Amino acid sequence: MLNRHARGFFTALFSPLARWLLKIGISPDAVTVIGTAGVVVGALVFYPLGQLWWGTLFITAFIFSDVLDGIMARMREVGSRWGNFLDSTLDRIADGALFAGLAVWYFTGGANVPIAVAAMVCLVLGMVVSYARAKAESLGFTANTGIAERAERLVSVLVVTGFTGLGLPEVVLLVTLLLLAVASFITVVQRVVSVRRQALAEPSPAD
C-alpha cells in the first residue's frame, strides 16, 4: 500500500538529487551499497548501545537510498537484472541488521526478552516473506500479494523504535513487533496459497 501511494511523491522529491548524482558520475549501484552500509551501521552500532532515537535518525538518512537508486536507474534507462539482484540482496541485509540490532539491545542492556524474541521472529518471517516471492518468481509464478510488504514493515518498526528511544512505553514496541510478526506470517500464507492455486491451474503434462 505504501509502495503504491508513496512512489509518486518520493519520485518527485528525490528526482533533483538523482539527476545531480548521475551528473557527478555516481552510479545507482554505488547508492545501493552506501545506503545499505549506512543502515547496517545505524542498526548494529546505535541500537545495541541503546541509542534507539539517534539510531533511527541515522538509519532514516540512508533508508531512502532504496528509492533513490531506482529513480537513478530509470533516468539512465539502463535497468539491469544485476541491479535488481544487488538491490534485493542488500535489502535483505539491511532488514536483517535492523531487527538484529533491536534483538541485541533487548537481550542485553535493554533487558526485555519478549521484545528481543519478537524482533528475531520478525527477522525470520521477513526473510521468508521475501524468499517466498523470489522462489515463486524463479519458478514462473507470481507471489506479490500480502498485507506486510517491506515498506510497511520498515516504516512501522522505525517509527515506533525511534519514539521508544524518546520515552514511548516499551510495550508499544512489543505490540508493534507482535502485530508485524502476525502480518508477516499471514503474508507468507497468502503467498503460499497464491502459488498453490497457480500450480493447480497449470495444465498437467498429459494434457
Side-chain angles (χ1 to χ4, degrees), residues 1-3 5-6 35-67 88-136 143-195:
M1 181 176 65
L2 286 174
N3 286 335
H5 294 294
T36 301
V39 172
V40 170
V41 168
L44 297 183
V45 174
F46 286 93
Y47 281 0
L49 294 175
Q51 298 295 323
L52 302 183
W53 170 249
W54 293 111
T56 298
L57 289 183
F58 190 90
I59 291 168
T60 302
F62 289 92
I63 203 73
F64 289 108
S65 65
D66 195 47
V67 177
S88 180
T89 300
L90 295 187
D91 281 351
R92 305 291 80 74
I93 294 174
D95 294 355
L98 181 63
F99 290 107
L102 281 176
V104 169
W105 168 242
Y106 282 108
F107 271 132
T108 56
N112 193 319
V113 173
I115 290 181
V117 171
M120 293 303 297
V121 172
C122 286
L123 190 160
V124 173
L125 288 175
M127 296 299 172
V128 177
V129 166
S130 300
Y131 177 80
R133 177 174 178 174
K135 185 62 177 180
N144 57 357
T145 58
I147 61 174
E149 294 284 354
R150 183 173 186 257
E152 283 85 347
R153 298 198 302 269
L154 288 179
V155 169
S156 60
V157 72
L158 284 173
V159 169
V160 178
T161 298
F163 282 109
T164 300
L166 291 179
L168 187 71
E170 290 183 346
V171 66
V172 179
L173 178 58
L174 175 59
V175 170
T176 299
L177 290 171
L178 291 175
L179 290 175
L180 185 58
V182 171
S184 297
F185 179 77
I186 292 173
T187 297
V188 171
V189 173
Q190 288 175 312
R191 293 184 173 183
V192 169
V193 170
S194 175
V195 172

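Note that the coordinates shown come from a computational prediction; the quantities given were computed from them, not determined experimentally.
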Just by distance, do the side chain of [X] and the backbone of [Y] share a donor-acceptor pair under 3.5 Å?
| X | Y | answer |
| --- | --- | --- |
| Thr187 | Ile147 | yes |
| Arg133 | Val129 | no |
| Arg191 | Ala143 | yes |

Self-check item: For Gln190, the option from Ile186, Val192, Val193 that meets side chain to side chain contact (heavy atoms under 4.5 Å, CB included)
Solution: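 For Gln190, the side chain to side chain contact (heavy atoms under 4.5 Å, CB included) test succeeds with only one of Ile186, Val192, Val193, which is Ile186.
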
Beyond-backbone contact of [X] with [Y], side-chain heavy atoms, under 4.5 angstrom:
| X | Y | answer |
| --- | --- | --- |
| Val40 | Val45 | no |
| Tyr131 | Arg92 | no |
| Ile59 | Leu158 | yes |
| Leu102 | Leu52 | yes |

Self-check item: Working for side chain to side chain contact (heavy atoms under 4.5 Å, CB included), residues Ile115 and Leu177
Solution: CA-CA 8 Å; Ile115 290 181; Leu177 290 171; 3.8 Å; yes

Rounded to the nearest 0.5 Å, how far apart are [atom1] of [X] and [atom2] of [Y]?
| X | Y | atom1 | atom2 | answer |
| --- | --- | --- | --- | --- |
| Asn112 | Glu170 | CG | CD | 5.0 Å |
| Thr60 | Phe58 | OG1 | CZ | 11.0 Å |
| Trp53 | Phe163 | CH2 | CZ | 5.5 Å |

Determine the minimum heavy-atom distance between [X] and [Y], stating which atoms define it.
| X | Y | result |
| --- | --- | --- |
| Phe62 | Gly35 | CB-O, 3.5 Å |
| Ala97 | Leu44 | O-CD2, 3.6 Å |
| Val121 | Ala181 | CG1-CB, 3.9 Å |
| Ala118 | Leu178 | CB-CD2, 4.2 Å |
| Val39 | Ala94 | CG1-CB, 3.8 Å |
| Phe99 | Ala119 | CB-O, 3.5 Å |

Exercise. Take Gln51 and Trp105 through the side chain to side chain contact (heavy atoms under 4.5 Å, CB included) test and state the conclusion after the steps.
Key: CA-CA 9 Å; Gln51 298 295 323; Trp105 168 242; over 6 Å; no

Practice problem: Under the side chain to side chain contact (heavy atoms under 4.5 Å, CB included) rule, what do Leu154 and Leu98 come out as? Steps first, then yes or no, please. | Solution: CA-CA 9 Å; Leu154 288 179; Leu98 181 63; 3.6 Å; yes

Exercise. State whether the number of non-hydrogen atoms from other residues, nucleotides or ligands found under 6.0 Å of Phe107 atom CZ is greater than 12.
Key: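 Yes, because the 6.0 Å sphere around CZ of Phe107 holds more than 12 heavy atoms from other groups.
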
Quiz item: If you measure only the distance, is there a donor-acceptor pair under 3.5 Å linking the side chains of Thr161 and Tyr47?
Solution: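 Distance-only check fails for Thr161 and Tyr47.
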
Quiz item: Hey, are Arg153 and Ser184 close enough side-chain-wise for a donor-acceptor pair under 3.5 Å?
Solution: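 Looking only at side-chain atoms, Arg153 and Ser184 do not form any donor-acceptor pair under 3.5 Å.
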
